[in-house]
Structures are given as C-alpha cells and as structure tokens.
Amino acid sequence: MVAVRLGATRDGEEDPPEAESCFTVFFVQREKQECWRLGMLEFTAPPKSQLAVRWVNALQSWIHHHGVTRPKSLLVFINPVGGRGRAVEIYQGQVAPLFTLAGIHVQVLETCHANEARDYILQQDLSDFDGLVSVGGDGTFNELMHALINRTQQKAGGSENDIDAELLSPRLRIGIIPAGSTDCICFATVGTNDPITSALHIVIGDSQPMDVCSIWHNGKLLRYSVSLVGYGFYGDVVSTSEKYRWMGPMRYTYAGAKALLRNCSYEGTVEFQVARTEEANPRDQTRCRSGCVVCSESSKQLPAGTEEENLSEPEQHIDGEWQQVQGRFLAVNLTSMSSACPKSPEGLSPCAHLADGTADLILVHECSALSFLRHLTRHTNGSDQVWRKPLPPLPLSPHRAGGRT
Ligand SMILES: Nc1ncnc2c1ncn2[C@@H]1O[C@H](COP(=O)(O)OP(=O)(O)OP(=O)(O)O)[C@@H](O)[C@H]1O
C-alpha cells in the first residue's frame with residue numbers, strides 16, 4: 001500500500017473532502033518486466049456512516065506501524081545535464097507527485113556543476129533526512145555514494161587511505177531515479193530503468209544492500225565501485241566517451257566502435273583468489289533482486305543501530321592460494337553486480353549477486369576484433385560467456401603495452 005485518502009480520485013482529480021462516504025487506496029501494481037505502477041481502488045461506504053473515515057484511519061495507522069523503513073524525509077539531488085537532459089522533467093512529472101502522495105517531505109537540490117552534490121553531502125547536516133535520492137545516471141549515483149562513504153569514514157575518524165581499514169556502513173540509503181545515459185546501477189538493482197518503478201520502491205521503503213569494491217594504485221585509494229571495473233576495452237570506452245559527452249547516450253556506441261576497431265590489447269598479470277560460494281554460483285541461473293535470499297543472509301552481518309554510522313564486518317569469502325593469469329588481455333572486467341543495462345538486459349554476469357561479498361572476473365584474452373565483437377554481442381542476447389568465476393577483490397599489475405597502459 002502506498003497511501004490511503006478520503007474521497008474518490010478520478011483522472012487525477014480528487015473529490016471535495018465532503019465526499020466522506022468513499023475512500024481511495026493507492027497501491028503498488030506489478031506489471032511486466034519488473035515495472036511497477038500506481039494502482040488505485042475506490043471504496044464506497046453507506047452515507048453518513050463514518051465508516052469510510054474509520055477505514056482511512058485504520059489503514060493509515062497500518063501503514064505507520066508496518067512501514068518502519070519508509071522514508072519520511074528525503075534529500076533529492078537532480079543532475080539537469082545527465083543523459084538526455086530530462087532529469088528535472090522526470091522528477092517533477094513522475095516522481096514528485098508520488099512522494100507527495102506518500103507524505104514524504106523532500107528537499108530538492110538541482111546541481112549547477114559537477115561535485116556540488118558531493119560538497120553538500122560532505123559539509124551539511126543530514127540528520128533530518130532518512131535517505132538521499134539521485135536523479136541522474138550512474139555518474140550522479142557514484143558522486144553521492146563516494147560522498148556518503150567519505151562522510152561516514154570522516155565522521156567516525158577512520159582513514160580511507162588505509163587498505164586494511166574496515167569501511168563503515170552509512171546510515172543513509174541512496175534511492176536512484178534513472179535519468180542518465182546507461183542507468184546500469186538502477187537497471188541491475190531494480191530490474192528496469194523506469195522512474196515510476198524506482199520512486200515506488202523508495203516510497204515503500206524497499207532497500208537492497210550492495211557490495212562496494214575499492215580500487216587502489218600504489219597504496220592510494222582511487223575510486224569505489226558498485227558495478228563494473230574495466231581495464232582495457234571498457235576502460236578505454238569510458239575514458240574516450242567522456243570527450244564526446246555532447247553526443248549524449250550515443251557517445252558510448254561511438255567510443256565502443258572506436259575501441260573495437262583499434263583492437264588494443266594489454267599485457268599484464270591478473271592475480272585472484274577464488275571465492276567460497278556454497279550459496280551462489282555464476283551459473284546458478286538466479287537473478288539477484290531486492291529481497292534476494294543470498295544477499296539477505298550476507299547483509300544480516302550489518303548490525304542495525306540508531307547511530308549515524310554502523311560498523312560493517314564483511315564476511316570472509318576468500319579461499320586458498322592466490323592464482324595468476326598472465327598474458328595479453330583485450331579486457332579485464334571485474335563486476336560486483338550483473339552490470340545489466342537496457343543495451344545488455346542480462347548484463348555481463350547475469351547471475352552475479354548485489355551483496356554477497358564477491359565479484360565476478362571476466363578475462364578476455366587477445367583475439368581478433370571479430371571474435372571480440374561476437375563476445376560483445378553475447379552480452380546483448382543473454383548467451384553464456386566464455387569463462388566466469390566469482391572472486392573477492394583482486395590486484396592487477398599492468399605492464400606497458402603498445403605505448404599505452
Ligand atoms: N549541473 C551539472 N553540470 C555538469 N555536470 C554535472 C552537473 N551535475 C552533476 N554533474 C556531473 O555529471 C556527471 C554525469 O552525470 P550522470 O551520470 O547523471 O549522466 P550520464 O553520464 O549521462 O549517465 P550515465 O552515468 O548513466 O552514463 C556526474 O559525474 C556528475 O558529477
């Protein structure tokens with residue numbers, strides 16, 4: 001149930017409040033392909049019976065008592081230039097009315113430049129909020145995520161530049177309203193990139209823990225990632241595509257075609273440990289979504305509390321000796337989620353879990369551009385990949401190759 005209101009609602013127009021003999025229940029209606037819509041049911045009680053008022057009070061109190069994880073107050077960041085530049089329109093037209101209906105108080109910040117959201121999160125008092133909302137693409141979500149992790153470590157006096165230090169888990173959750181170019185993180189967590197579906201997940205207090213992978217170079221923290229870490233092909237595509245931002249979402253296709261034609265491979269050694277996975281396997285044909293049993297078990301380790309920061313104690317999934325693969329690679333991909341997106345609805349690793357403490361490694365050795373194109377095509381039709389194993393985080397030792405590293 002999303003909300004209950006006294007009066008009938010037809011075509012978005014509410015009846016005057018005198019119509020106290022009927023009430024409307026707004027609920028989540030599941031449609032095809034993980035899409036959710038707002039359903040409405042009108043009920044009519046005998047006139048002057050006060051029955052409708054009693055029903056409304058009873059249902060509202062049910063929502064209050066059973067919806068403890070529902071947010072009451074949200075801080076919304078909108079990136080007006082992400083994707084096709086429709087974030088403001090998407091938020092105002094599709095999302096804000098749902099937040100209003102659910103009685104959620106919102107504070108909206110439309111960003112004027114990159115890192116404005118980051119600075120706000122790092123500097124402002126967020127104690128009045130139950131969560132943050134990112135209206136934009138993966139880049140906007142990443143900006144919020146980095147800031148929230150930074151803020152959490154700083155407040156607890158922890159160091160982010162100590163590779164052995166445990167990361168503290170933030171109190172605030174981040175909701176994602178897809179309005180970017182790829183929206184991979186939203187697509188992989190919710191199963192679709194539909195703003196209304198995401199807004200309804202936020203309204204009913206749905207949540208999904210996620211593994212965060214940290215990337216280090218020479219003992220220095222570079223980035224955090226919840227999705228794909230790509231060295232070689234995907235790294236090249238992302239860095240090239242940044243130069244063609246004016247193309248909008250097409251920039252990824254253009255940069256991908258350029259990288260494919262260049263067919264550049266890189267020499268290096270990949271070291272990894274194979275994860276212990278009784279519960280999950282990259283070929284077990286599961287699809288990890290909100291409520292996944294494997295991830296719920298894993299996230300039970302995160303202690304609940306009322307403090308701003310809680311200490312997370314990651315389960316050790318690591319097994320055995322380090323293993324090595326040496327050679328020339330077209331792509332070294334480490335993905336801690338399926339990395340599904342509209343262009344690749346099953347993702348690079350369709351059965352990867354969002355929060356089981358492991359990541360899947362996909363190594364593509366040097367091959368012809370045509371063979372690599374076949375591999376990329378399999379991402380779009382859901383066929384099995386060549387070789388996959390679930391892994392904990394790993395170090396990569398790149399060597400200079402072909403004049404590029
Ligand atoms: N007002 C702004 N002007 C310029 N850049 C901004 C602004 N607000 C946020 N940004 C930056 O824009 C970057 C990209 O935004 P976003 O991820 O929303 O869109 P996208 O790159 O088109 O989508 P995707 O990441 O899904 O491919 C983010 O890293 C963010 O820091």
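Counting from 1, the numbers follow the sequence of the chain as shown. Counting starts at 1 for both ligands and their atoms, in listed order. Keep in mind that this is a model prediction, so the values were computed, not measured.
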Are side-chain heavy atoms of Ser198 and Ile176 found at a separation under 4.5 Å?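 Of all side-chain heavy-atom pairs linking Ile176 with Ser198, none is under 4.5 Å.
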Side chains of residues 68-78: which donor-acceptor pairs under 3.5 Å do they make with residues two or more places apart or in other chains?
unit_1	atom_1	unit_2	atom_2	d
Thr69	OG1	Gly205	O	3.1
Arg70	NH1	Met1	O	3.4
Arg70	NH1	Val2	O	3.3
Arg70	NH2	Met1	O	2.3
Ser73	OG	Asp128	O	3.2

Determine the minimum heavy-atom distance between Ser338 and Ala188, stating which atoms define it.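 Shortest heavy-atom separation between Ser338 and Ala188 comes out as OG-CB, 3.7 Å.
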Protein N/O near ligand 1 N/O, under 3.5 Å, which pairs?
unit_1	atom_1	unit_2	atom_2	d
ligand 1	1 (N)	Thr111	O	3.0
ligand 1	1 (N)	Cys112	O	3.4
ligand 1	1 (N)	His113	N	3.3
ligand 1	8 (N)	Asn79	OD1	3.2
ligand 1	8 (N)	Thr111	OG1	2.7
ligand 1	12 (O)	Asn79	ND2	3.3
ligand 1	15 (O)	Asn79	ND2	2.9
ligand 1	17 (O)	Gly139	N	2.7
ligand 1	17 (O)	Thr140	N	3.2
ligand 1	18 (O)	Asn79	ND2	3.0
ligand 1	18 (O)	Gly137	N	2.7
ligand 1	18 (O)	Thr140	OG1	2.5
ligand 1	21 (O)	Arg245	NH1	3.2
ligand 1	21 (O)	Arg245	NH2	2.9
ligand 1	21 (O)	Arg251	NH2	2.9
ligand 1	22 (O)	Gly83	N	2.8
ligand 1	22 (O)	Ser181	OG	2.5
ligand 1	22 (O)	Arg251	NH2	3.4
ligand 1	23 (O)	Ser181	N	2.9
ligand 1	25 (O)	Asp138	N	3.1
ligand 1	25 (O)	Gly139	N	3.0
ligand 1	26 (O)	Asp138	N	3.0
ligand 1	26 (O)	Ser181	N	3.3
ligand 1	26 (O)	Thr182	N	3.1
ligand 1	26 (O)	Thr182	OG1	3.1
ligand 1	26 (O)	Asp183	N	3.2
ligand 1	27 (O)	Thr182	OG1	3.2
ligand 1	27 (O)	Tyr252	OH	2.7
ligand 1	31 (O)	Glu143	OE1	2.3

Could you check whether the rings of His201 and Trp36 sit parallel, tilted or perpendicular, using 30° and 60° as the cut-offs?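 Plane angle under 30°, so parallel.
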Quickly, which of Gln123, Met145, Glu143 forms a side chain to side chain contact (heavy atoms under 4.5 Å, CB included) with Arg118? Name it, please.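 Option passing the side chain to side chain contact (heavy atoms under 4.5 Å, CB included) with Arg118: Glu143.
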Check the side chains of Asp125 and Ser127 for a donor-acceptor pair under 3.5 angstrom, ignoring hydrogens and angles.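 The criterion, which ignores hydrogens and geometry beyond distance, is satisfied for Asp125 and Ser127.
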